[in-house]
Amino acid sequence: MQLNLNVNGMHCKSCEMLIKDEISEISGIQSVEVDHKTGIGFLTASGEIDNALILKAIENAGYTGLIENPEKANGNRKITEKQKAYFAH
């Protein structure tokens, strides 16, 4: 399974590494890529991953995030207004 991400607040390669490290700790995550220049990323997992775990990992790294294709993830399958607001700035 692959999920596309938008991450708000990254400024450098260190930001990318913080996010990758946090998301990689989630069981089932196989790879994570994020780009601080575009704010876009993706992850690959061996199975379904709960949206809340992914978003919490991004938050733990100090950023806000949005899952672009939440219908492929488990858990909260809808993008909330709060999540949309992160990128409305």
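Every value quoted in this text rests on a predicted model; they were computed, and no experiment measured them. Sequence positions, counted from 1, serve as the residue numbers for this chain.
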Q) CG of N60 to CD1 of I19: how many Å apart, nearest 0.5 Å? A)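 One gets 11.5 Å once the value is rounded to the nearest 0.5 Å.
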
**Q.** From S24 atom OG to M17 atom CE, the distance as rounded to the nearest 0.5 Å
**A.**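 Reported value, rounded in 0.5 Å steps: 10.5 Å.
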
Q) Can you tell me if H11 uses its side chain to pair, donor with acceptor, with the backbone of G9 under 3.5 Å? A)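 Flag set: sc H11 to bb G9 pair under 3.5 Å.
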
**Q.** E68 vs L5, side-chain contact (heavy atoms from CB on, under 4.5 Å): CA-CA, chis, key distance, verdict
**A.** CA-CA 6 Å; E68 284 290 310; L5 308 169; over 6 Å; no

Do the side chains of [Y] and [X] get nearer than 4.5 Å, heavy atoms only?
{"X": "E16", "Y": "D35", "result": "yes"}
{"X": "N4", "Y": "L43", "result": "no"}
{"X": "L66", "Y": "N8", "result": "no"}
{"X": "I26", "Y": "I49", "result": "yes"}

To check you understand the geometry: which heavy-atom pair defines the closest contact between [X] and [Y], and what is its length?
{"X": "G65", "Y": "I58", "value": "N-CG2, 3.8 Å"}
{"X": "E33", "Y": "K20", "value": "OE1-NZ, 3.6 Å"}
{"X": "Q30", "Y": "S46", "value": "NE2-CB, 3.5 Å"}

**Q.** Audit row: I54, D50, side-chain contact (heavy atoms from CB on, under 4.5 Å) steps and yes/no
**A.** CA-CA 7 Å; I54 297 165; D50 189 336; over 6 Å; no

Q. Checking side-chain contact (heavy atoms from CB on, under 4.5 Å) for the pair T64/V7: CA distance, chi angles, key distance, verdict?
A. CA-CA 6 Å; T64 57; V7 180; over 6 Å; no

(Q) Tell me whether L53 shares a hydrophobic cluster with I67, the cluster being built from Ile, Leu, Val, Met, Phe, Trp, Tyr side chains joined at under 4.5 Å. (A)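 Yes, same cluster.
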
Q: Kindly work out whether a path of hydrophobic side-chain contacts (I/L/V/M/F/W/Y, heavy atoms less than 4.5 Å apart) joins F42 to V34.
A: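 In one cluster: no.
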
**Q.** Verdict with reasoning, I40 to N6, per side-chain contact (heavy atoms from CB on, under 4.5 Å)
**A.** CA-CA 5 Å; I40 296 172; N6 276 320; 3.6 Å; yes

Q) Salt bridge check: are K56 and E22 linked by an N-O gap of less than 4.0 Å? A)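 Judged by the 4.0 Å cut-off on N to carboxylate O distance, K56 and E22 do not form a salt bridge.
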
